[in-house]
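Bear in mind that the values here come from a model prediction, so they are computed numbers and not experimental data.
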Amino acid sequence: MKRFLLFASLLLMAISCGRSVCLVRQMKDIESYVHDAPDSALAMLAAMDTSSVSSARVEALYTLLNSIARYRLYMDEEDDAALMHAAAFFRSRRDDARLMKTLFLAGNIQYNQGNYKQAILSLTEANLLVEELGDHFYGGLICRQLAQAFSRSFNNVDCLLSISDACQHFLEGNYHTHGRYALLLKGEAYSSNSLYEESERVFKEVIASAREYHDTVLWAKALLSYADNLIVRNDSRPQESLQHIIFVRDSLHYPIPCHSWANAAFCAAMLNNTQISDSCFVFADQLAKTEYDRYLVSFRKYESALELNRPQEALAAANESFKYLIETHMTLERDSSVDIQRDYFDEIGENERLRHRLTKQRFVSILLFVILLCIGLAWVIRKLVIKGRLLQGQNKALSTRVQEMEQSDSRRLKIALESGMRFFNKLAEFKWVSQPEKILPSFETMLSNLATDKQTIQETMDEFKEFLEKKD
């Protein structure tokens with residue numbers, strides 16, 4: 001019974017491993033086209049049955065691919081827990097490419113949730129991996145999202161630096177469409193840093209590019225950002241700003257977001273048009289969904305109330321906008337925990353770069369050792385080959401010498417036999433020998449002195465005996 005249970009357990013484990021390998025193979029195939037065909041990838045993932053496979057690798061890869069497909073299809077996700085768990089797995093396996101993508105997607109969810117501090121940390125770690133991998137596409141996406149998180153944290157300097165990096169990534173990777181949208185964010189970052197001339201130049205460049213490529217969405221967004229720039233600068237132009245907003249609504253038919261309605265209301269207040277200002281704020285309040293949206297609307301209400309000489313409304317709007325700043329602790333977090341943890345990630349990045357350098361040095365050392373070993377082995381093999389050829393030559397020479405000696409023995413024995421026959425014939429003529437066999441010992445001794453091969457000597461003796469018998 002115990003053997004049966006053991007066998008059944010091993011069989012189930014083998015089946016589970018087989019299913020795991022099969023699922024990983026399928027997901028690697030999906031990974032090759034998830035960016036270009038996210039809808040097909042999402043359908044294939046939905047058809048997979050991963051419930052019966054308890055594999056951390058399968059779970060992490062499935063989570064990553066599912067999130068990439070949903071991101072490409074503009075489908076929002078509300079929970080980053082699965083992605084952070086997948087990130088921990090890829091981090092433990094040193095799978096930097098997948099870890100970078102996972103952290104980017106997690107940072108995007110955290111940004112949409114309003115958790116800007118955690119988004120900055122996730123995206124900063126992902127950005128460190130970009131430097132090692134050299135992936136310009138994800139490098140641009142990560143830096144662009146990081147810039148937006150810095151902007152929401154009121155860290156305008158880092159926002160400008162990050163969006164500049166994003167533009168550079170998209171430029172080097174020839175991702176021109178992404179580059180144009182990143183350039184728009186760069187113009188907004190210039191404006192946030194009170195660099196109004198630079199921001200105006202960038203906005204006009206983006207507007208011209210959008211018109212050239214017939215990109216209505218980019219054109220509308222650039223005009224709305226330019227309209228915001230026109231009312232925050234020292235030489236504000238509210239009339240021109242309001243015209244851009246109206247053009248976007250009526251001519252480009254692009255939906256006006258809440259902060260642009262608030263800008264239009266502020267423009268009307270600056271033009272002393274109370275009715276239009278109040279109407280625009282109604283639309284802004286209806287569209288404000290997040291705390292950040294409500295903060296922007298409240299701040300514009302504060303500025304508009306000052307323009308219209310409404311001190312009570314100005315005080316209420318100021319309290320509402322400053323309440324957002326105090327509750328979220330953005331200014332304190334920017335100066336303390338976020339910077340400290342970013343410095344920590346910078347240190348991690350430096351350690352990782354040092355580890356890669358040491359790994360490369362170790363690899364070079366091993367490679368040199370292998371090369372020297374191969375050279376040594378080649379030298380030994382060459383010596384053995386030369387020695388083998390020398391021995392082969394010596395053996396051939398020895399064999400030739402043996403053959404020559406054998407041939408020489410044969411010649412000498414033949415000459416001895418002929419000489420013995422002639423000698424016996426001479427004796428026979430004079431009748432000196434009555435018993436010829438007495439000559440045999442002397443003849444055999446002579447043959448032994450002439451040759452070393454016993455068989456040849458014996459054959460010669462036999463032949464000589466036959467000669468004597470015939471004479472007898």
K.L.:
State the CG-OG distance between Leu42 and Ser67, to the nearest 0.5 angstrom.
P.N.:
10.0 Å
K.L.:
Report the distance from atom CG of Asp95 to atom CZ of Phe90, rounding to the nearest 0.5 Å.
P.N.:
6.0 Å
K.L.:
Take Arg180 and Thr177, measure what side-chain hydrogen bond (donor to acceptor under 3.5 Å, both in side chains) needs, and give me the verdict at the end.
P.N.:
CA-CA 5 Å; Arg180 288 191 288 271; Thr177 302; 3.3 Å; yes
K.L.:
Look at Lys301 together with Asp285 and state whether they make a salt bridge at an N to O cut-off of under 4.0 Å.
P.N.:
yes
K.L.:
Quick check against the 3.5 Å criterion: does Ser32 have a side-chain atom that pairs as donor or acceptor with the backbone of Asp29?
P.N.:
yes
K.L.:
Measuring from atom OG1 of Thr102 to atom CG of Leu61, what distance do you get when rounded to the nearest 0.5 angstrom?
P.N.:
9.0 Å
K.L.:
Give me the ring orientation class for His178 and Phe170: parallel if the planes are under 30° apart, tilted from 30 to 60°, perpendicular past 60°.
P.N.:
parallel
K.L.:
Do the side chains of Glu31 and Lys28 get close enough for a salt bridge, i.e. N-O under 4.0 angstrom?
P.N.:
no
K.L.:
Would you give the length of the straight line joining atom CG of Leu161 to atom CG of Asn156, rounded to the nearest 0.5 angstrom?
P.N.:
11.0 Å
K.L.:
Side chains of His244 and Ile207: closer than 4.5 Å at any heavy-atom pair?
P.N.:
no
K.L.:
Check this for me: does any side-chain nitrogen of one of Glu303 and Arg300 sit under 4.0 Å from a carboxylate oxygen of the other?
P.N.:
yes
K.L.:
Taking atom OH of Tyr33 as the centre, does the number of heavy atoms from other residues, nucleotides or ligands within less than 6.0 Å exceed 12?
P.N.:
yes
K.L.:
Once rounded to the nearest 0.5 Å, what's the spacing between atom CG of Leu146 and atom CG of Asn108?
P.N.:
12.0 Å
K.L.:
Tell me, with the steps shown, if Phe203 and Glu188 meet side chain to side chain contact (heavy atoms under 4.5 Å, CB included).
P.N.:
CA-CA 8 Å; Phe203 287 141; Glu188 295 175 357; 4.0 Å; yes
K.L.:
Looking at Asp39, I want to see if its CG is surrounded by more than 12 non-hydrogen atoms of other residues, nucleotides or ligands under 6.0 Å.
P.N.:
yes
K.L.:
Apply the test side chain to side chain contact (heavy atoms under 4.5 Å, CB included) to residues Phe89 and Arg98: give CA-CA distance (whole Å), side-chain angles for both, the deciding distance (0.1 Å), then the verdict.
P.N.:
CA-CA 10 Å; Phe89 172 80; Arg98 293 191 176 111; over 6 Å; no
K.L.:
How about OH on Tyr302, more than 12 heavy atoms from neighbouring residues, nucleotides or ligands closer than 6.0 Å, or not?
P.N.:
no
K.L.:
Tell me whether Glu200 is salt-bridged to Lys204, with the criterion being a basic N under 4.0 Å from an acidic carboxylate O.
P.N.:
yes
K.L.:
What orientation do His35 and Tyr138 show, parallel under 30°, tilted 30 to 60°, or perpendicular over 60°?
P.N.:
perpendicular
K.L.:
For Ile245 versus Ser260, what's the shortest heavy-atom pair and its separation?
P.N.:
CD1-O, 3.7 Å
K.L.:
Where the side chain of Ser151 meets the backbone of Ala147, is there a donor-acceptor pair that is under 3.5 Å apart?
P.N.:
no
K.L.:
Looking at Tyr111, Phe154, Phe150, which hits ring pair (Phe, Tyr, Trp, His ring centres under 6.0 Å) with Tyr116?
P.N.:
Tyr111
K.L.:
Surrounding CZ of Phe283 (heavy atoms of other residues, nucleotides or ligands, distance under 6.0 Å), is the total greater than 12?
P.N.:
no
K.L.:
Going through the distances and angles, do Arg91 and Glu125 end up as a salt bridge (charged side-chain N to carboxylate O under 4.0 Å, His left out)?
P.N.:
CA-CA 11 Å; Arg91 192 182 292 111; Glu125 185 180 357; 3.0 Å; yes
K.L.:
Are more than 12 heavy atoms, taken from residues, nucleotides or ligands other than Met84, located less than 6.0 Å from that residue's CE atom?
P.N.:
yes
K.L.:
Checking Ile163 against Arg144 for the side chain to side chain contact (heavy atoms under 4.5 Å, CB included) test, could you report, in this order, the C-alpha distance in whole Å, the side-chain angles of both residues, the deciding distance, and whether it holds?
P.N.:
CA-CA 5 Å; Ile163 197 61; Arg144 185 178 67 187; 4.0 Å; yes
K.L.:
Between Glu198 and Arg201, is the salt bridge (charged side-chain N to carboxylate O under 4.0 Å, His left out) condition met? List the steps.
P.N.:
CA-CA 5 Å; Glu198 288 83 350; Arg201 175 184 57 79; over 6 Å; no
K.L.:
Run the side chain to side chain contact (heavy atoms under 4.5 Å, CB included) test on Ile109 and Asp79 for me, step by step, so that the C-alpha distance in whole Å, both residues' side-chain angles and the decisive distance to 0.1 Å come before the verdict.
P.N.:
CA-CA 7 Å; Ile109 295 174; Asp79 190 7; over 6 Å; no
K.L.:
Would you call Lys186-Glu205 a salt bridge at under 4.0 Å N-O?
P.N.:
no
K.L.:
Hey, are the side chains of Arg152 and Gln148 touching, using non-hydrogen atoms and a 4.5 Å cut-off?
P.N.:
no
K.L.:
Quick one: pull up CG in Asn263 and OG in Ser304 and give me the separation to the nearest 0.5 Å.
P.N.:
9.0 Å
K.L.:
For Arg310, look at atom CZ and say whether over 12 heavy atoms of other residues, nucleotides or ligands are found less than 6.0 Å away.
P.N.:
yes
